[in-house]
Number of protein chains: 2
Amino acid sequence: MRRSDATRTAILAAARERFAADGYDRATIRAIAKDARIDPSMVMRYFGSKEGLFAAATSFDLRLPELGSLAPEEAGRVLVEHFLDLWEGNDALVALLRVGVAGAAGAERIRHTMFEQQVLPVAREVCPDPEQAAARAALAAAQMLGMALARYVLRFPPTVALAREEVVAWLAPTVQRYLTAPHPGGAL
Amino acid sequence: MRRSDATRTAILAAARERFAADGYDRATIRAIAKDARIDPSMVMRYFGSKEGLFAAATSFDLRLPELGSLAPEEAGRVLVEHFLDLWEGNDALVALLRVGVAGAAGAERIRHTMFEQQVLPVAREVCPDPEQAAARAALAAAQMLGMALARYVLRFPPTVALAREEVVAWLAPTVQRYLTAPHPGGAL
DNA sequence: TACGTTGGCCAACAGGTGTTGACCAACAAT
DNA sequence: ATTGTTGGTCAACACCTGTTGGCCAACGTA
């Protein structure tokens with residue numbers, strides 16, 4: 001392991017923390033560099049630009065495993081549990097959401113990471129009418145994104161106070177209904 | 001009506017638009033002033049500071065009416081419909097959410113505006129155990145906030161494509177369940 | 001011992017930011 | 001006719017931003 005790899009990961013760790021805490025604009029390269037105990041110019045040399053640093057700090061591969069052996073009636077619980085595993089104490093995801101809300105470029109990243117990479121594949125697998133898969137996946141994603149927003153970004157006390165099992169118990173049926181229940185119809 | 005009131009409201013309109021489109025940091029006073037066709041210094045004279053302008057541009061009174069005559073089994077639908085009425089085409093709310101996500105000060109504003117001013121009163125009214133009112137209201141708020149995020153801020157195509165009645169048909173039962181259904185228990 | 005490479009610091013640049021204060025035209029009232 | 005107020009512009013200040021390029025110490029290798 002080269003000596004540079006240590007500082008490289010130190011920069012990435014500091015960047016994730018600062019981006020998650022302050023958002024893209026307020027998280028300055030100078031502050032990140034100070035956290036990593038290096039000169040700001042090093043950040044540029046390692047990652048090219050601030051955008052490059054952000055891209056490197058918020059890139060994941062978080063497809064959920066064992067998709068084939070998924071019982072359709074358990075999709076909600078599996079999805080919510082996977083969602084909680086991902087977000088619990090993950091600064092990079094908080095940073096991604098925070099920045100995605102701020103700019104238009106980030107919105108695309110969030111959609112790709114949260115929606116197309118996670119919820120949509122499950123929806124395609126379990127939902128009855130393939131034509132509705134996108135809409136149903138979007139509903140499920142909105143529910144989980146809302147919980148992520150309240151619990152990990154805004155930190156509303158009542159949502160932070162919820163135990164992990166309680167979140168699963170409340171959200172899993174909702175997600176399950178969005179994915180597999182018959183269309184409610186409404187006033188259409 | 002004084003001559004100044006016209007420019008005052010022009011500034012506020014431009015500010016809401018810019019804050020909603022670009023977020024707090026990227027929305028510069030100079031850009032807002034140019035949109036309102038005035039000098040940037042006028043913004044300062046009228047609102048004191050950028051924070052003052054933002055506070056003025058995102059202050060609402062959006063308590064929902066007729067709370068006393070609310071049938072408990074209709075709380076979900078009423079709440080979701082009220083929520084959609086509020087958000088549809090409301091730049092100020094989008095701006096508030098966008099900024100609230102970016103900074104810690106905004107999070108408090110969002111909580112007060114969305115949670116304590118809207119959902120919590122309804123929850124206190126209709127939910128069975130008063131001790132659970134806060135948690136249940138938080139769950140409902142998270143669901144609606146997630147839809148607001150996906151539909152009005154991130155503009156996920158599948159959520160934008162949903163008709164208003166469809167959103168109500170899908171979300172109302174969820175909110176209703178969060179507010180009044182018996183505690184699911186789970187693995188507690 | 002010489003030397004190129006690696007990892008790092010320092011100082012500066014160019015541009016954009018919120019904010020301030022001086023100045024000014026129009027108009028109403030004395 | 002003079003005065004005071006209102007609504008507005010202009011130019012600047014002080015600061016902070018991302019970014020750049022030059023310099024430097026250590027070190028492995030020939």
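Residue numbers start from 1 in every chain, and the chains themselves are labelled A, B, ... in the order their sequence lines are given, proteins ahead of strands. Model, not experiment: these values are computed from the prediction.
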Is it true that B:Asp85 and B:Arg164 have a side-chain N and a carboxylate O under 4.0 angstrom from each other? yes

Quick one: on DNA chain C, does A:Pro40 or B:Gly48 contact a more 5' nucleotide (nearest heavy atom)? A:Pro40

Between B:Glu51 (CD) and C:dG18 (P), how many Å, whole number? 12 Å

Taken to the nearest whole Å, CE/A:Met42 to P/C:dC9 is 7 Å

Applying side chain to side chain donor-acceptor pair (under 3.5 Å) to A:Thr58 and A:Arg109, what does each step give before you reach the verdict? CA-CA 9 Å; A:Thr58 60; A:Arg109 280 281 291 286; 2.7 Å; yes

Please tell me which of B:Asp39 and A:Ser49 maps to the more 5' nucleotide of DNA chain D, matching each residue to the nucleotide holding its nearest heavy atom. B:Asp39

With a distance cut-off below 6.0 Å to the six-membered ring centre and an angular limit of 45° from the axis, does B:Arg26 pair with A:Tyr24 as a cation-pi contact? no

Indicate yes or no: at least one non-hydrogen side-chain atom of A:Phe83 is less than 4.5 angstrom from one of A:Val168. no

Separation of A:Arg8 atom CZ from C:dT6 atom C1', in whole Å? 14 Å

If I take atom CZ in residue A:Arg30 and atom P in nucleotide D:dT17, what distance separates them, rounded to the nearest angstrom? 6 Å

Using whole Å, what does the distance between atom P of nucleotide D:dG18 and atom CZ of B:Arg26 come to? 11 Å

A:Phe47 CZ - D:dG18 P separation (whole Å): 15 Å

Measure from CZ on B:Phe19 to P on C:dG18 and round the result to the nearest Å. 9 Å

In whole angstrom, give the distance that lies between atom NZ of B:Lys50 and atom P of C:dT20. 15 Å

Test of understanding: clusters of I, L, V, M, F, W, Y form through side-chain heavy atoms closer than 4.5 Å, transitively. Do B:Val160 and B:Trp170 belong to the same one? no

Indicate, with a heavy-atom threshold strictly under 4.0 Å, whether A:Ser41 touches base, sugar-phosphate, or nothing. base

Give B:Thr7 one of three labels, base, sugar-phosphate or nothing, depending on what nucleic acid heavy atoms sit under 4.0 Å from its own. sugar-phosphate

Of A:Thr28 and A:Arg45, the one whose closest DNA chain D nucleotide lies more 5': A:Thr28

What's the closest nucleotide to the B:Met44 side chain, out of C:dT19, C:dA12, D:dG8? C:dT19

Contact class for A:Tyr46 (heavy atom, under 4.0 Å): base, sugar-phosphate, or nothing? sugar-phosphate

